[in-house]
Number of protein chains: 2
Amino acid sequence: MNDLSPHRLLDEASAAEQLREAGIQPTRQRLRIAQVLLTGSQHLSADQVLEKVNRTGKPVSKATVYNTLGLFADKGLLREVIIDPSRVFYDTNSAPHHHVYNTATGELSDIALHRVLTEPLPELPAGTELESVDVVIRVRPLD
Amino acid sequence: MNDLSPHRLLDEASAAEQLREAGIQPTRQRLRIAQVLLTGSQHLSADQVLEKVNRTGKPVSKATVYNTLGLFADKGLLREVIIDPSRVFYDTNSAPHHHVYNTATGELSDIALHRVLTEPLPELPAGTELESVDVVIRVRPLD
DNA sequence: TTGGGTGCAAACTATTTGCATTCGA
DNA sequence: TCGAATGCAAATAGTTTGCACCCAA
């Protein structure tokens, strides 16, 4: 998770297209964030996104990063992963899958969905509909 | 989750016994917290625990509540449930089970484990051991 | 007596919000 | 032009910490 190494930036045209497809108006800052984020499979906290974006030389304010991540998540471009009590991760892997979280290092990784079966789902409480099923496997270094 | 109604308090002797069994020195404040908490199946945030304890007329400081909940969780008396980015819940149901979380109301409830199958577990990353498997089913009110 | 436990207040950190400014259609 | 987006700073909220005091063994 400390891998903030220079990921290839998504080209601006593709980023703009992805935003439009999601019904998001592509503004300058949103494009920068999309270019950094929507490339490959990543699990980043808001702070890490801010750091990566600012490292491109085109800084974006912290509030805008938070607002934009929230917006992207609402529109289905990202998935919020609530795993660590101290921060939210944003997962760019849009395929259904679950997570392995290393509680000692904070490293978060994906597990293909078919490796974990979760069915049948129990009846949901009356008057509610399913929003998501999240499976988190927490691991720690061997003693 | 707003049910802070007067749950029956666990008697002091049983509370003390449970603490000792868990290897926790039973002090006055820890006993009060245990009496409020270790009765029935509950899902409370630290703030809710504080409120319940203080309502008994024997107040305990906020710092002590946080410290004590952390200690109880370490010793296996409680389980931390990380489900809402803004606060940690403490679950007194010690049997293995999973959770249904209503994102609109913040209500958290249990699901018996056998209703959700999660196997086989994937191989864990090298050098790690399993800490927990958490399944959270998020629901929202029907549109 | 003496080290662990407690309480208070201050510190911290992730996140949100209000509002004036700027931007994009 | 005009409403939406942005940025900054201040506000918020949950949680942690430092340290002096207290208490159970």
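Values below: every heavy atom of this structure, side chains too, minus hydrogens, waters and symmetry copies. All chains are named by letter (A, B, ...) in the order of the sequence lines, taking the proteins before the strands, and each is independently numbered beginning at 1.
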Spatial distance of atom CD1 (I137(A)) from atom CG (N102(A)) [nearest 0.5 Å]
13.0 Å
Considering only dT17(C), dT6(C), dT15(D), which nucleotide approaches the side chain of N67(A) most closely?
dT17(C)
Closest heavy-atom pair and its distance - D110(B), S41(B)
OD2-OG, 3.4 Å
Between CG on residue L108(B) and NE2 on residue H99(B), distance to nearest 0.5 Å
5.0 Å
Keeping Q42(A) on the side-chain end and V36(A) on the backbone end, is there a donor-acceptor pair under 3.5 Å?
yes
Between the CD1 atom in I24(A) and the CG atom in L71(A), the distance rounded to the nearest 0.5 Å is 4.5 Å
D84(B) CG - dA13(D) P separation (whole Å):
14 Å
What integer distance in Å separates N54(B):CG from dC8(C):P?
10 Å
Taking only the side-chain nitrogens and oxygens of S61(B), find out if one of them lies under 4.0 Å from OP1 or OP2 of dG7(C).
yes
Phosphate OP1/OP2 of dA5(D): any R28(A) side-chain N/O under 4.0 Å:
no
Separation of I33(A) CD1 from L77(A) CG (nearest 0.5 Å):
11.5 Å
Roughly how many Å is it from CG in L69(A) to P in dT16(C), rounded to a whole number?
10 Å
Could you give the CG-to-C1' distance, from L19(A) to dA5(D), as a whole number of Å?
14 Å
Nucleotide dA5(D), atom C1' - distance to CZ of F72(A) in whole Å:
13 Å
Grab the NZ-C1' distance between K58(A) and dC23(C) for me, whole Å please.
16 Å
Rounded to whole angstrom units, what separation is found between the CG atom of L31(B) and the P atom of dC23(D)?
16 Å
Basic-acidic side-chain contact under 4.0 Å: D134(A), R79(A)
yes
Could you list, one pair per line, each protein nitrogen or oxygen that sits under 3.5 Å from a nitrogen or oxygen of nucleotides 11-14 of chain C, together with the distance?
none

Please write out each protein N/O paired with an N/O of nucleotides 2-5 of chain C under 3.5 Å, distance rounded to 0.1 Å.
from, atom 1, to, atom 2, distance (Å)
dG5(C), OP1, R30(B), NH1, 3.2
dG5(C), OP1, R30(B), NH2, 3.2
dG5(C), O3', T27(B), OG1, 3.4

NE2 (H43(A)) and OH (Y101(A)) are apart, to the nearest 0.5 Å, by 12.0 Å
Reported CG-to-NZ distance for the pair N67(A) and K62(A), which is rounded to 0.5 angstrom
13.0 Å
Just how far, in rounded Å, is C1' of dG14(D) from CG of L44(B)?
16 Å
